[in-house]
Every structure is written in C-alpha cells, then in structure tokens.
Amino acid sequence: MDNNLFLITKAPLSIEEVTAKVVRREAGAVTTFIGTVRELTKGKRTLYLEYDAYVPMAEKQLSRIGEEIKEKWPDATTAISHRIGRLEISDIAVIIAVSTPHRKDAYQANEYAIERIKQIVPIWKKEHWENGEMWMGNQLETIEYPEGHPQKEELE
C-alpha cells in the first residue's frame with residue numbers, strides 16, 4: 001500500500017491535497033471526513049489542543065486501516081492525514097478521504113476509518129482550557145496517560 005496515502009504531519013492539512021490522492025476514473029463517490037478542533041467539550045472551553053504521536057507507528061496503523069478498508073470494500077482507495085503539534089480552534093486535525101464506485105461504500109468506509117483511528121492509532125491529545133490542561137490519553141478517552149503517552153510496552 002502506498003505510504004504517501006497515510007501521513008502524520010506538523011503542517012496544516014489541505015482538504016484538496018488529501019482528496020486528490022483518492023480521485024480516480026472508476027470512482028463515482030469520494031467522501032471526506034474533516035475533524036476540527038472544537039471550542040466546547042463537556043462544558044469546558046478549550047483554548048487550543050496539542051497532538052503528539054509516535055509517528056512511525058501511527059503511520060503504520062493508518063496504513064493498516066487502509067488495508068482493512070480494502071478487505072471490506074475492495075474497490076475503495078483511502079487516504080488519511082493527521083496533524084500533530086499545536087492546533088487552534090477550528091484547525092483541521094484529521095482528513096480522511098475514501099473513493100469507491102458507489103456512495104454507500106464510501107460513506108461506510110470513511111466512518112470505519114475514523115472509528116479505527118480512535119481505536120488503534122497512537123496519537124495523543126492535550127487539552128488546554130481556561131483553567132488548566134490535561135493529556136486525554138487514548139483517542140477513545142478510555143485510558144489515561146499521565147506522562148502524555150503510553151509506555152513502550154503498550155505500543156507493541
């Protein structure tokens with residue numbers, strides 16, 4: 001699978017660039033999911049976020065998601081880019097683009113991708129609020145990482 005399709009970067013993300021990676025003649029549908037930084041979460045006002053990642057493993061896991069999508073929707077092509085570093089309110093954190101011959105498959109594969117990102121990709125988020133800050137642990141927020149990242153053995 002092409003590694004250029006799955007990227008972790010500190011640079012701002014471009015919807016057009018990620019989408020262009022999956023556009024092809026046999027695709028009748030291209031869906032995009034754009035995850036942005038929201039201001040309010042569970043009643044707290046976010047000032048900005050910091051994302052960090054174990055980049056080699058994160059890109060490997062994004063590629064794995066692309067392979068899983070290919071198994072479930074053989075005609076799909078997927079590209080995923082995730083930004084790390086400091087992100088302001090409304091900045092784009094993640095873009096997922098999926099192309100398929102028909103729209104239903106593209107919608108389903110795209111939703112599958114974001115759910116899998118939250119489950120298996122080692123990307124961590126630090127919330128900065130008006131009155132404090134906290135690493136949020138894994139993206140499902142089911143595990144806390146007091147040091148801001150999982151221990152090495154958790155990544156294996």
Side-chain angles (χ1 to χ4, degrees), residues 1-15 17-19 21-22 29-44 46 48-87 89-100 103-129 133-156:
M1 190 151 294
D2 183 356
N3 285 334
N4 290 332
L5 295 174
F6 306 99
L7 177 69
I8 302 292
T9 181
K10 291 184 177 180
L13 300 177
S14 163
I15 299 164
E17 286 179 18
V18 177
T19 302
K21 294 178 181 179
V22 302
V30 176
T31 60
T32 55
F33 172 83
I34 302 162
T36 59
V37 177
R38 68 174 168 261
E39 183 174 26
L40 295 172
T41 301
K42 299 177 183 174
K44 287 187 170 183
T46 299
Y48 64 93
L49 297 179
E50 284 181 72
Y51 283 98
D52 198 1
Y54 176 38
V55 174
M57 178 61 79
E59 288 181 336
K60 182 177 176 182
Q61 292 297 74
L62 292 178
S63 178
R64 175 180 163 187
I65 292 168
E67 291 169 7
E68 290 175 1
I69 287 172
K70 200 72 169 170
E71 289 174 14
K72 292 178 177 287
W73 296 275
D75 296 326
T77 298
T78 304
I80 305 171
S81 292
H82 202 297
R83 188 173 170 196
I84 58 174
R86 179 177 167 144
L87 279 71
I89 303 302
S90 299
D91 280 352
I92 298 172
V94 61
I95 299 172
I96 302 166
V98 178
S99 67
T100 61
R103 70 179 177 274
K104 187 173 183 180
D105 288 344
Y107 278 121
Q108 291 174 337
N110 201 308
E111 182 178 17
Y112 178 84
I114 189 63
E115 297 305 325
R116 289 296 283 156
I117 288 171
K118 291 182 174 288
Q119 293 169 350
I120 68 169
V121 180
I123 297 172
W124 312 286
K125 177 174 69 176
K126 187 174 187 178
E127 291 261 3
H128 293 266
W129 302 296
E133 59 189 30
M134 183 175 146
W135 282 101
M136 299 309 293
N138 67 348
Q139 292 206 39
L140 291 173
E141 299 181 12
T142 56
I143 301 170
E144 292 184 16
Y145 298 129
E147 297 176 21
H149 53 82
Q151 300 303 307
K152 183 178 178 184
E153 58 273 6
E154 293 176 285
L155 294 172
E156 297 172 356

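- In this view, Tyr107 satisfies the side-chain hydrogen bond (donor to acceptor under 3.5 Å, both in side chains) rule with no residue, not counting sequence neighbours.
- Looking at every heavy atom in both residues, Ala106 comes nearest to Thr31 through O-OG1, 3.0 Å.
- Interatomic distance, CD of Glu59 versus CG of Asn4, reported as 9.5 Å (0.5 Å rounding).
- Taking the side chain as every heavy atom from C-beta outward, Val121 and Ile80 never approach each other to under 4.5 Å.
- Looking at His82, its side chain never comes within 3.5 Å of a backbone N or O of Leu7 through a donor-acceptor pair.
- For Glu68, the side-chain hydrogen bond (donor to acceptor under 3.5 Å, both in side chains) partners at least two apart in sequence or on another chain are Arg64, Tyr112, Arg116.
- Put simply, the side chain of Val22 reaches to within 4.5 Å of the side chain of Val30, judged on heavy atoms.
- Residues Thr78 and Phe6 meet the side-chain proximity criterion, which asks for heavy atoms closer than 4.5 Å.
- Considering every non-hydrogen atom in both Val98 and Ala109, the closest pair reads CG1-CB, 3.8 Å.
- With Gln61 contributing its side chain and Ile120 its backbone, the two residues share a donor-acceptor pair below 3.5 Å.
- Looking at every heavy atom in both residues, Leu87 comes nearest to Ala93 through CD2-CA, 3.6 Å.
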Worked check of side chain to side chain contact (heavy atoms under 4.5 Å, CB included) between Arg83 and Ile8: CA-CA 6 Å; Arg83 188 173 170 196; Ile8 302 292; over 6 Å; no
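- Looking only at side-chain heavy atoms (C-beta outward), Lys10 and Ile84 come within less than 4.5 Å of each other.
- Judged by distance alone, the side chain of Lys125 and the main-chain N or O of Leu49 form no donor-acceptor pair under 3.5 Å.
- Between Ile96 and Ile117 the shortest side-chain heavy-atom distance falls below 4.5 Å.
- Interatomic distance, CZ of Arg86 versus CG of Asp52, reported as 15.0 Å (0.5 Å rounding).
- Rounding to the nearest 0.5 angstrom, the gap separating the CD1 atom in Ile34 from the CG atom in Leu13 is 10.0 Å.
- Within a 6.0 Å radius of CD in Glu17, other residues, nucleotides and ligands contribute 12 heavy atoms or fewer.
- In this structure the side chain of Tyr48 never reaches within 4.5 angstrom of the side chain of Val37, judged on heavy atoms.
- Here the OG-CG distance, from Ser99 to Asp105, works out to 11.0 Å after rounding to the nearest 0.5 Å.
- Lys60 NZ: 12 or fewer foreign heavy atoms inside a 6.0 Å radius.
- Expressed to the nearest 0.5 Å, how far CG of Asn110 lies from OG1 of Thr100 amounts to 10.0 Å.
- You'll find the side chain of Lys21 reaches within 4.5 Å of the side chain of Ser81, heavy atoms only.
- When every heavy atom of Ala113 is checked against every heavy atom of Ile65, the shortest pair comes out as CA-CG2, 3.9 Å.
- Atoms OG and CD1, from Ser14 and Ile95 in turn, are 6.5 Å apart once rounded to the nearest 0.5 Å.
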Residues Met134, Trp129; criterion side chain to side chain contact (heavy atoms under 4.5 Å, CB included); working and verdict: CA-CA 9 Å; Met134 183 175 146; Trp129 302 296; 3.7 Å; yes
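- Applying the salt bridge (Lys or Arg N to Asp or Glu O under 4.0 Å) criterion to Arg103, with sequence neighbours excluded, gives no partner residue.
- Each of Glu127, His128, Arg38, Glu133 was evaluated against Thr46; a single residue qualifies, Glu127, per the side-chain hydrogen bond (donor to acceptor under 3.5 Å, both in side chains) test.
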